[in-house]
Amino acid sequence: MKWQIGDVTVTKIVELEMTGGSRFLLPQATPEAVLPITWLQPHFADENGRLRMSIHSFIVETPDRRIVVDTCLGNDKQGRRIPHWNDRDGPFLADITAAGFPPESIDTVLCTHLHVDHVGWNTRLVDGKWVPTFPRARYLMGRTEYDHWRTVKDRPDMANILADSVTPIIESGLATMVETNERICDEITLTPTLGHTPGHVSVMIQSKGEQALITGDFMHHPCQIAHPEWSTLADSDPDQGIETRRRMFQRLAGTPVLIIGTHFAGATAGKLVNDGDGYRLDV
Ligand SMILES: [Zn+2]
């Protein structure tokens with residue numbers, strides 16, 4: 001799946017898709033609450049009101065950069081809270097290569113935040129050692145984000161994630177710490193969308209008068225467009241997350257900005273439009 005924004009091409013590479021089983025993430029999104037949001041079907045929910053979600057990377061190609069935005073779960077990782085995210089043996093690297101993006105061709109890796117499903121393929125296991133998957137890339141990581149998670153003591157799972165997917169990148173000298181409003185190149189700028197994590201960013205793409213926004217996890221599912229007040233249990237600061245969604249939806253509604261969702265299944269992208277008192281995604 002690909003989108004064109006002026007001179008920039010965005011390609012989606014899927015690692016994992018699921019239907020249902022998301023109550024651990026969005027407890028308010030019960031089938032009874034989801035079914036009335038009819039525009040979610042068929043892309044984002046099934047006919048029983050179960051949410052469809054996806055874990056994927058975006059490859060963002062500008063005229064002179066080839067950027068991976070978020071790196072999914074990775075293979076062979078241990079100590080994850082969700083059992084089937086451990087010891088994975090998926091074809092992501094073969095898929096990304098088959099799509100025309102072998103790891104050596106990537107010059108930039110960008111993590112919207114440092115959660116488990118956004119940093120996994122930063123590294124891969126070679127002879128018992130975690131090595132950078134993208135050996136020629138600069139890995140851009142949020143300074144606020146890194147400073148936060150390295151000092152959190154009550155999350156053993158986050159310690160595991162940093163140890164196998166972040167620290168090896170820093171030790172290899174490939175990491176560059178960036179600010180939440182960093183300009184990456186002419187076409188790509190970060191914008192802070194805080195709440196899900198303390199240094200969370202979304203990615204603004206701008207080229208030839210066209211614009212897109214890669215969400216990251218300031219919303220996980222389009223049902224939060226209808227219900228900005230629905231928070232995920234993974235949010236560091238739920239109130240700030242709600243504020244961020246309201247602010248972003250107000251700013252984006254009725255504009256031609258293409259919203260590209262980091263965990264949106266199916267069509268994955270659309271435009272935000274007013275819908276009665278609220279909003280919906282027009283795919
Ligand atoms: Zn995520």
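Hydrogens, waters and symmetry mates are skipped; everything else that's a heavy atom, side chains included, is used. One-based numbering along the sequence shown. In listed order, ligands and their atoms are each counted from 1.
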| Should the pair H113 and H115 be assigned to parallel (<30°), tilted (30 to 60°) or perpendicular (>60°) ring geometry? | perpendicular
| Any idea how H220 and H196 line up, ring-wise: parallel (<30°), tilted (30 to 60°), or perpendicular (>60°)? | perpendicular
| So does R136 have more than 12 non-hydrogen atoms from other groups sitting under 6.0 Å from CZ? | no
| Number of protein N/O/S atoms that sit closer than 2.8 Å to the Zn ion (ligand 1) | 4
| task | Report the relative orientation of the aromatic rings in H221 and F264; use parallel for angles under 30°, tilted for 30 to 60°, perpendicular for over 60°. | result | tilted
| Taking the six-membered ring of W121 as reference, does the NZ or CZ atom of K77 fall below 6.0 Å from its centre and within a 45° cone about the axis? | no
| query | Can you tell me how far OG1 of T112 sits from CG of D217, rounded to the nearest 0.5 angstrom? | reply | 5.5 Å
